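Below: the structure, in structure tokens.
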Amino acid sequence: MDQPSPAFGPRIFKVGCVSLIAFLILPAAWIWHGWRDSTPAAPTYTVASGEKTYSHGVNTRFGYTVKRYLGRTSGFNIEIWADPSLRMSFDVGAFELTRVKTQRWLAHDRAVLLEFDYIYHDSGDNPGELALLYDFEHGELHSFGHGSAWFVWPPEHQDRRQLSRTEFDQLVMRLSSLDTQQ
């Protein structure tokens with residue numbers, strides 16, 4: 001009878017380790033990666049924020065926060081808030097935030113203008129810009145940007161998903177002019 005070679009044991013051990021890695025650890029890592037990229041509770045860090053106070057009325061503090069996701073190049077989150085109850089969160093998952101271009105308070109600090117530069121990675125690197133304007137006093141939100149950034153339905157309104165750049169700039173100028181008035 002032939003005896004197994006002494007190398008047979010270590011070889012089984014190596015094959016077993018590779019199998020363990022391939023069938024247990026890699027799927028677990030894949031599931032973690034998918035969960036991490038899809039959950040709104042993914043770890044973030046703040047790249048921009050601003051806060052104002054108002055001495056009259058219920059909403060005494062209001063502001064915004066822009067956060068990027070740790071360990072991901074694409075995706076960022078914009079939160080607009082006013083204490084005690086307003087919280088609006090916009091998750092921009094497909095774009096890589098390259099720069100917060102503008103953070104400006106308008107209309108005697110009642111409105112905030114946020115403008116962003118981004119890169120969309122699909123078949124190439126496609127740069128673009130997004131902008132949000134929120135008027136805390138009137139509760140109005142206006143946006144400008146690539147149509148796929150702010151999905152708005154129904155599809156029959158596809159041609160008017162957001163303001164044009166000209167319309168957005170006119171709105172910003174109108175609110176900016178309030179700062180020069182007393």
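All of these numbers come straight from a predicted model, not from anything done at the bench.
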- [ ] Report whether L141 and M173 are members of the same hydrophobic cluster (ILVMFWY, side-chain heavy atoms less than 4.5 Å apart, transitive linking).
- [x] no

Open item on the list: If you apply the rule side chain to side chain contact (heavy atoms under 4.5 Å, CB included), what do you find for V66 with L97, and how did you get there?
Closed with: CA-CA 10 Å; V66 180; L97 176 64; 4.1 Å; yes

TODO: Please name all residues satisfying salt bridge (charged side-chain N to carboxylate O under 4.0 Å, His left out) with E51, sequence neighbours left out, ordered by chain then number.
DONE: R61

Open item on the list: For G93 versus S74, what's the shortest heavy-atom pair and its separation?
Closed with: O-OG, 3.7 Å

TODO: Say whether V100 and Y120 are linked into one hydrophobic cluster, either directly or through other cluster members, by side-chain heavy-atom distances under 4.5 angstrom.
DONE: yes

- [ ] State plainly whether one hydrophobic cluster holds both I78 and M88, where clusters connect Ile, Leu, Val, Met, Phe, Trp and Tyr through side-chain heavy atoms under 4.5 angstrom apart.
- [x] yes

- [ ] Could you tell me whether E96 and R72 have a side-chain N and a carboxylate O separated by less than 4.0 Å?
- [x] no

- [ ] May I ask you to decide if A131's main-chain N or O and S143's side chain share a donor-acceptor pair within less than 3.5 Å?
- [x] no

Open item on the list: Under the criterion ring-ring contact (aromatic ring centres under 6.0 Å, His included), I'd like the reasoning laid out for F136 against Y54: C-alpha separation, chi angles, the key distance, then a yes or no.
Closed with: CA-CA 11 Å; F136 288 91; Y54 184 66; over 10 Å; no

Open item on the list: For a quick check under 3.5 Å, do R104 and S176 share a side-chain donor-acceptor pair by atom type?
Closed with: yes

Task: Separation between CD1 of I80 and CG of L86, rounded to the nearest 0.5 Å - done: 8.5 Å

Task: Lys/Arg N to Asp/Glu carboxylate O, R174 vs E167, below 4.0 Å - done: no

Task: Any residue meeting side chain to side chain contact (heavy atoms under 4.5 Å, CB included) with S89, in chain and number order, not counting sequence neighbours - done: N77

Open item on the list: Please report the interatomic distance CG(L114) to OH(Y64), rounded to the nearest 0.5 Å.
Closed with: 5.5 Å

- [ ] Supply the atom-to-atom distance T44 OG1 to R68 CZ, rounded to the nearest 0.5 angstrom.
- [x] 11.5 Å

Task: Hphob cluster co-occupancy, F76 + Y45, side-chain heavy atoms under 4.5 angstrom - done: yes

TODO: Report the relative orientation of the aromatic rings in Y118 and F95; use parallel for angles under 30°, tilted for 30 to 60°, perpendicular for over 60°.
DONE: parallel

Task: T102 OG1 to D117 CG distance, which is reported to the nearest 0.5 Å - done: 8.5 Å

- [ ] Find the distance between CZ (F116) and CG (L130) and round it off to the nearest 0.5 Å.
- [x] 7.5 Å

Task: Residue list, salt bridge (charged side-chain N to carboxylate O under 4.0 Å, His left out) with R110, at least two apart or on another chain - done: D135

Task: Pairing of E129 and K101 as salt bridge, 4.0 angstrom limit - done: yes

Task: Atom of A48, atom of Q103 and distance for their closest heavy-atom approach - done: CB-OE1, 3.4 Å

- [ ] Can you see which heavy atom on L178 is nearest to which on H108, and at what distance?
- [x] O-NE2, 2.6 Å

- [ ] To the nearest 0.5 angstrom, please state how far the CG atom of L106 sits from the CG atom of L133.
- [x] 6.5 Å

Task: R165 to F144 six-membered ring, cation-pi geometry met (6.0 Å, 45°) - done: yes

